[in-house]
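Just so you know, these numbers come straight off a predicted model, no measurement behind them.
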Amino acid sequence: MVTSIFFLALAGTIAELVRGQLAFPNGSLLTPGLYEQAVSFHGLIMILWFLSPFGTAFANYFVPTQIGAKDMAFPRLNAMSYWLYVFSGFMLVSTIFLPGGGPQTGWTLYAPLTTTEYMPQPGMTLSVLALGVLAVSITMSSVNFLTTILGTRIKKMRWWKMPAFSWSILFTNFLMLFAFPPLAAGAILLTMDRVFGTVFFSSMLGGALLWTQYFWFFGHPEVYVVVLPALGAIAEIFVTFSKRPLFQKRVFLIEMAAVTVLSVGVWIHHMFMTGIALGVRETFSFTTMAISVPFEGLVIGLVLTLRKSALRITTPMLFAMGALFFVILGGITGVFQASIALDYAYRGTYWVVGHFHYVMVGTTIFGLVAALYYWFPKITGRMYNEKIGKLTFLFSFIGFNVLYFPYFLLQDMPRRIASYAANPEWFPLNLTATVGALIFGPFILISFLNIGHSAFTGAPCEPNPWDAVSTEWTGDYSIPEPDDPEGGIEESENDNEPEKEAQPPPPSIVPSQNQEETASYEEERSTRTYLPVVVAGGVIFFLYGFIMFAPLAIIGLLIMAGAVVKWFHDDYHDKYAEIKQTLKEKWPFETVGKEKLGLWIFLMSEIVLFGCLISGYIYVRLGSSTWPLAAETHNVVIGSLNTVLLLTSSLAMILAVQAAKNNDQLGIKAGILGAFTLGAMFLMIKLSIEWPREIINGFVITGGLAPSTYYMLMGAHAIHVGIGLGGLTYLMAKGFAGKFTPQSHTALELIGLYWAFVDIVWIFLFPLFYLI
Amino acid sequence: MKKVSLYISIWGLMVAATLVEIYIFTTSLSVQYKVVSILTIAIVQAITNAAFFQNLRYEKKVLSLLPILSIVVLCTLLVTAILSVGR
């Protein structure tokens, strides 16, 4: 949380500079180049390094607490995700100090502006790599949250009973799982363009449109990734301070699910002006309007929660109501963008800037600042300064509207211009907006200072000062769900009284189910490791070196490899005991351990990643009338041989798992060795026979889109095969030491699953490149 | 032993499916038929691989549907990519 607030301060300061530049028609605070960098950094940092992670910070603390889990499902993965997030942020920010600076493209990084022709500076490449690292970090985080929620809920924490905030995090992480692989795919292709000379985003067949497909397939769901946690927190706050149950909780959650699903089907509305077929645009116009229905349902549900209630006006409640106001205004102005005709008028103007700042900044910052005030006593055991809290809300609210409402009136002013000397009529509204920025920014900062100061000096408070009924406050997981006919917080239509007395103050920690588990948990917690930060650091060193200074890349690689080997070595010696939690809600995963569940979820994200990469290939190939025939460029015999090798390797792997179940040690060794040997043969044939032949025949990576797509997809698959071989090496070490038994062979099963996935990807790549 | 035979049979079927793909590739069918046939076989191969080699057939039905769902997602992405070429 502290890290994300640091990034907020940074991006906020940059925003103040941008507003300073635009306060007067001939602003001279920033040069045009610096202004473009400032706009780009502001957008990227604010959206990706502050807004999303800020919600995730709350989720890290409160999801396990709300659902009665002992911790996140994979604590070390959590640490790894965090460090990759931190380092990727620093990597992005550092580019401003490099020769040529960072990106000057806006946060959308539109092609071909990002190609080396227009942005040759290394800072641009490092920024794209930072995005890729962030996508990896977020995928790790999503796997962790989804496994935690799906697989480690405490007994009796059934689905409908789960608090709204945890539900919002569940939906958010499903979205992240599907939304970030396209960004990663785009980052991979852009990096290849900039480093290896491929032509994905500089060719007429791919180019700007291919990038926008990738970017907005990620970018629109990202809006909901940012907003849903805030809405979940607002729901919790409204319930607490109105003493009313969430209005029609089941309907509310179904609407949230609908928003989640629909949000991945609206991205083309960001591309109405690109000349995509009218039928496609009309379809997406409809889906964009359709998503507003469940979204407004969410808003109405929140409003009706407050009806006939005796509101307690506290700082969190004020910020939450402010967020609700902003989401309504931002939502209404968003519906305009669903119209193709209006989009032509507003796209690229300050109207759109106003709209998304109301949605993303207003709703999310106010919603999550409300959450910070709301959960502050739970986190620290202290109370913040209420007077300062209310005062900061008042001025933040005023400042925000003074800052962003004029944008709706600047609907003819283009975005991303550093001066407007030719249009002095825009001056009064711009000056007003800058004054608003000078109010809003400092008062939000004061809000955080109030919280920070109170963490040390605030008066100690009761464990449940708000008389909240949610599980993270009460520690009572046996409360029936609101719609449960057996009882619970019944919804009453005819009185103003709170339906249920608050639960007695709980202990400040989540009660454990039994002493044995608690002791075990404490013991496991003591098994701390520094390896996640070392691996993440190694990754960043490697990437810096890869772009800037080769020896650094070698150092990074060595650090990374050493840390990974140490990690496997520790695991080999069973250093990391599992966090045991026997009393769980298991449906529908009774037969699945959390490791397997986590791997399945990870493989889902991998499927989306490869789906995006393959889609990119099909996209450019179908647009071409001169694509070389497969038989002319690739050897079908070699491709077929490799297919049989990989299929047989998968068979060997599953036979090894079967042998472990039967305690057949010889079978285990033979299976793993066979899988490894066949996999290694696959890779050797590809790297030492097939690719050299193709390169000699002139099929080189820089030779156009056909080789670009081929080497990109084959390379991505080969890297996965290489990782799988690393896993198989680890299995061989364990297998030959006789460490697999019918009761203990999880690693064998997990790497077997991964190996089967690698096989499945090849099943698609083989016909797409060798036969069709 | 029974399960081992099953896995070997599945492997044999998948190798055979690969050979059928190659055979279709060499026939004089129209490009559309070739593409549809070969990709259909690939999808069936992928589902078979997921269901058997990932041991999903021993899981509950709701879980067994996961690989099918994943492959549907993949195919949806492919179809969307194809549709959006209409530019």
- Item | Contact winner vs chain B - A:V644, A:V761, A:I772, heavy-atom pairs under 4.5 Å |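 Of the candidates given, the most pairs with chain B belong to A:I772.
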- Query: Taking every heavy-atom pair that is under 4.5 Å apart, which of A:W755, A:W762, A:F766 has the most such pairs with chain B?
  - Reply: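 Between A:W755, A:W762, A:F766, the count favours A:F766.
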- chain B heavy atoms under 4.5 Å from A:L655: which part of the residue, side chain, backbone, both or neither?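 When you check distances to chain B, only side chain atoms of A:L655 fall under 4.5 Å.
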- Message: For A:Y617, which atoms come within 4.5 Å of any heavy atom of chain B: side chain, backbone, both, or neither?
- Response: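 When you check distances to chain B, no heavy atom of A:Y617 falls under 4.5 Å.
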- Query: Is A:V608 close to A:F180 at the side-chain level, that is, under 4.5 Å between some pair of heavy atoms?
  - Reply: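 A:F180 does not reach A:V608 side chain to side chain.
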- Message: Is there a side-chain contact between A:I268 and A:T287 in this structure, where contact means two heavy atoms from C-beta onward sitting under 4.5 Å apart?
- Response: no
- Output yes when a side-chain donor or acceptor of A:N635 lies under 3.5 Å from a complementary backbone atom of A:V637, and no otherwise. yes
- Message: Treating A:Y214 as the side-chain partner and A:A184 as the backbone partner, does any N or O pair qualify as donor plus acceptor under 3.5 Å?
- Response: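 Such a contact is absent between A:Y214 side chain and A:A184 backbone.
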- Note on the structure: The interface call for B:I8 against chain A, heavy-atom contacts under 4.5 Å, is both
- Query: Are B:Q45 and B:T18 close enough that a side-chain donor and a side-chain acceptor fall under 3.5 Å?
  - Reply: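 Checked: B:Q45/B:T18 side chains pair up, N/O donor to acceptor below 3.5 Å.
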